[in-house]
Participant: 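One structure is given below, represented as structure tokens, and several questions about it will come after.
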Amino acid sequence: AQSVTQLDSHVSVSEGTPVLLRCNYSSSYSPSLFWYVQHPNKGLQLLLKYTSAATLVKGINGFEAEFKKSETSFHLTKPSAHMSDAAEYFCVVSAPYSSASKIIFGSGTRLSIRP
Amino acid sequence: DSGVTQTPKHLITATGQRVTLRCSPRSGDLSVYWYQQSLDQGLQFLIQYYNGEERAKGNILERFSAQQFPDLHSELNLSSLELGDSALYFCASSVGDNANYGYTFGSGTRLTVV
């Protein structure tokens with residue numbers, strides 16, 4: 001069985017400061033992990049993915065995430081927030097090549113950026 | 001533009017009615033996935049089609065059905081609509097029959113049932 005927990009429903013940071021969005025997962029298998037971003041009234045866009053290659057994954061728009069097996073975490077970070085980063089972020093876990101019905105989306109973290 | 005096209009963008013209809021949502025996948029993608037996003041339930045997987053065949057089923061109600069046509073576009077049919085069916089409905093696509101390398105999502109159809 002798999003599950004994913006996004007530890008914060010809302011994170012607010014000032015523009016230019018670091019961003020940390022936390023995600024913990026549980027999986028019976030070596031998981032595939034993803035982060036998606038959803039801007040208001042838009043579809044979800046893939047930010048980055050981990051599929052058992054390098055544990056530090058770089059994504060688009062300066063985001064990166066580190067897979068830590070010992071901590072069952074896959075936190076999303078960015079060194080310096082930009083106003084355009086304000087959006088909803090979803091952490092996703094699946095077993096590699098598993099059925100779509102077994103792909104689990106987190107409940108989302110809303111990121112707000114203060115000027 | 002992600003390459004996944006969903007129409008219509010907005011739909012307002014009355015309870016008891018039937019609607020059809022349409023999705024064209026990104027060029028070259030053979031799989032289409034339908035998701036429902038609501039405030040209380042989050043993102044829920046409904047159904048997947050791969051090259052015209054149903055491949056996986058999630059929490060899809062019996063009042064809902066879908067199909068994928070030979071040109072790979074897909075339609076999601078929602079019937080006997082209830083107020084609780086109001087939600088954003090997303091279509092996503094992928095090349096293979098699994099989403100191991102991630103999905104490409106459309107911008108969604110916002111359904112309001114009144």
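Predicted, not measured: the structure shown is a model, and the values here were computed from it. Just the heavy atoms: all of them, side chains too, but no hydrogens, waters or symmetry mates, feed the values below. A, B, ... follow the sequence lines: proteins, then strands. Residue 1 opens every chain.
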Participant: Rounded to the nearest 0.5 Å, what separation is found between the CG atom of B:Leu88 and the CG atom of A:Leu44?
Facilitator: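 B:Leu88 atom CG to A:Leu44 atom CG measures 10.0 Å (nearest 0.5 Å).
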Participant: Do B:Phe105 and A:Leu46 sit in the same hydrophobic cluster, where Ile, Leu, Val, Met, Phe, Trp and Tyr count as joined when their side-chain heavy atoms come under 4.5 Å apart?
Facilitator: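 Yes, one cluster joins them.
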Participant: In terms of hydrophobic clusters joined by side-chain contacts under 4.5 Å, are A:Ile60 and A:Met83 together?
Facilitator: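 Yes.
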Participant: State plainly whether one hydrophobic cluster holds both B:Leu46 and B:Val32, where clusters connect Ile, Leu, Val, Met, Phe, Trp and Tyr through side-chain heavy atoms under 4.5 angstrom apart.
Facilitator: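 They do share one cluster, since a chain of ILVMFWY contacts under 4.5 Å joins B:Leu46 to B:Val32.
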Participant: Running the 4.5 Å side-chain criterion over Ile, Leu, Val, Met, Phe, Trp and Tyr, what cluster does B:Val95 land in, apart from itself?
Facilitator: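 Under the 4.5 Å side-chain rule, B:Val95 groups with nothing.
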Participant: Please report all inter-chain donor-acceptor pairs (under 3.5 Å) between chain B and chain A, with distances to 0.1 Å.
Facilitator:
from, atom 1, to, atom 2, distance (Å)
B:Gln37, OE1, A:Gln38, NE2, 3.0
B:Gln37, NE2, A:Gln38, OE1, 3.0
B:Asn100, OD1, A:Ser32, OG, 3.2
B:Asn100, OD1, A:Tyr97, N, 3.1
B:Tyr101, OH, A:Tyr97, OH, 3.2
B:Tyr103, N, A:Tyr36, OH, 2.8

Participant: Does B:Ile47 share a hydrophobic cluster with B:Leu61, counting links as ILVMFWY side-chain heavy atoms below 4.5 Å and allowing steps through other members?
Facilitator: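 Yes.
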Participant: Is it the case that one hydrophobic cluster holds both B:Leu72 and B:Val4, taking links as side-chain heavy atoms less than 4.5 Å apart, direct or via other members?
Facilitator: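 B:Leu72 does not cluster with B:Val4.
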